[in-house]
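What follows is a set of notes on a single structure, which appears directly below.
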Amino acid sequence: MLPIHILGTGAMACLWASYFSEQHQINFIRRTNKTSKFSFTLMPSKQVVTGNAYTAKSIPHLIQHLIVATKAFDAQTAIQSVEHLLSPNAQIVLLQNGMGSQQSIAKQFSQYAVYACSSTEGAYKIDPQTLMHAGKGINHIGSLSGEAQQQKLAQWLPSSSFQWHEDISPVLWRKLIVNCAINPLTLIYNCQNGELIKQPHMQQHMKDICQELDMLLDKMPFDFPCAFHLATQICQQTANNFSSMYQDGKHNKPTEIDFITGYIVKKCQEFSLPCPENIKLINSIKKLNLGP
Ligand code: PAF
């Protein structure tokens with residue numbers, strides 16, 4: 001039984017806990033803690049998953065296997081809070097959306113095995129103690145530091161739970177492009193993903209955003225179909241889903257816009273590419289004044 005540590009208790013944190021619950025000991029790390037255990041029910045299987053609950057200050061042992069399942073804007077601070085507990089051969093899996101947070105964490109913690117995961121798993125919390133595993137997906141994982149290797153990861157993460165990529169960068173970029181085209185618009189128009197391609201004015205807005213994304217993609221070493229095509233496909237496949245940014249907005253939580261559209265705008269500026277539509281998107285989302 002290996003001790004697995006998970007930063008966060010949101011939907012992804014709980015889903016990952018369920019991958020281990022039969023074989024390993026789960027230790028959740030939360031900002032504040034009222035109880036020594038954290039349990040939830042996984043639906044639709046009704047499996048009950050239980051782990052120890054700690055704060056960064058109360059963990060009694062060194063951390064060897066760490067899953068960072070916080071939002072992108074919290075990830076670096078969350079790891080820093082347990083930095084003194086990382087064992088020299090620690091392995092860290094980053095589950096964040098967007099781009100930027102994983103790269104700066106990998107830089108700061110380059111002596112450890114750091115992995116990035118881009119997940120297509122669908123899960124959401126029905127209430128704090130109930131997780132709905134809504135759609136089986138794939139955890140695409142690759143290395144962000146020299147120490148991170150597929151064989152090392154397979155020693156603790158069940159091989160059925162991930163697909164290894166020698167180069168994770170195209171996977172992260174593809175998801176970033178899709179998130180840029182879909183997520184902010186679903187919050188602005190207050191709609192499910194599928195609606196964006198049904199309503200002509202929304203579809204036009206998505207096209208305008210995608211045109212700027214395509215100009216950036218032209219400068220990158222990837223061979224992707226155009227951004228609008230990528231986004232349209234995902235809108236069709238996930239027509240009834242509410243995007244993660246929509247859900248953050250509806251729960252009055254801060255969004256990951258700085259790590260999604262914000263990252264794209266920074267990249268466009270590096271290449272001196274104009275991106276007025278994406279800048280407007282950031283401003284519209286920021287005007288909503290979400291979060292604490
Ligand atoms: O962020 C999300 O919600 C998802 O990545 C996506 C693909 C937009 C589907 O809802």
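Ligands are counted one by one from 1 in listed order, and the atoms in each one are counted from 1 as well. Computation of the quantities below employed the complete heavy-atom set of this structure, encompassing side-chain atoms and omitting hydrogens, waters and symmetry-equivalent molecules.
- The closest side-chain heavy-atom distance from Ile182 to Leu196 is below 4.5 Å.
- Thr130 and Asp127 are linked by a side-chain donor-acceptor pair at a separation below 3.5 angstrom, with hydrogens and angles left out of the test.
- Among all protein heavy atoms, the one lying closest to atom 8 (C) of ligand 1 is Asn183 OD1, 3.0 Å.
- For ligand 1 and Ile234, the ligand atoms under 4.0 Å from any heavy atom of the residue are 7 (C).
- Short contacts between ligand 1 and Ser243, defined as distances under 4.0 Å to a heavy atom of the residue, involve ligand atoms 3 (O), 10 (O).
- Using a 4.5 Å heavy-atom threshold, the side chains of Gln23 and Met1 count as separate.
- Among all non-hydrogen protein atoms, the one lying nearest atom 5 (O) of ligand 1 is Asn179 ND2, 2.9 Å.
- With sequence neighbours excluded, the residues that form a side-chain hydrogen bond (donor to acceptor under 3.5 Å, both in side chains) with Gln76 are Ser104, Gln108.
- The atoms of ligand 1 that sit less than 4.0 Å from any heavy atom of Ser244 are 1 (O), 2 (C), 3 (O).
- Using a distance-only test at 3.5 Å, with no hydrogens or angles considered, no donor-acceptor pair links the side chain of Glu121 to the main chain of Asn139.
- Counted by atom type alone, His5 and Gln64 present zero donor-acceptor pairs between their side chains at under 3.5 Å.
- For ligand 1 and Asn193, the ligand atoms under 4.0 Å from any heavy atom of the residue are 9 (C), 10 (O).
- Neither the backbone nor the side chain of Met245 comes within contact range of ligand 1; no heavy atom lies under 4.0 Å.
- No heavy atom of Gln247 sits closer than 4.0 Å to any atom of ligand 1.
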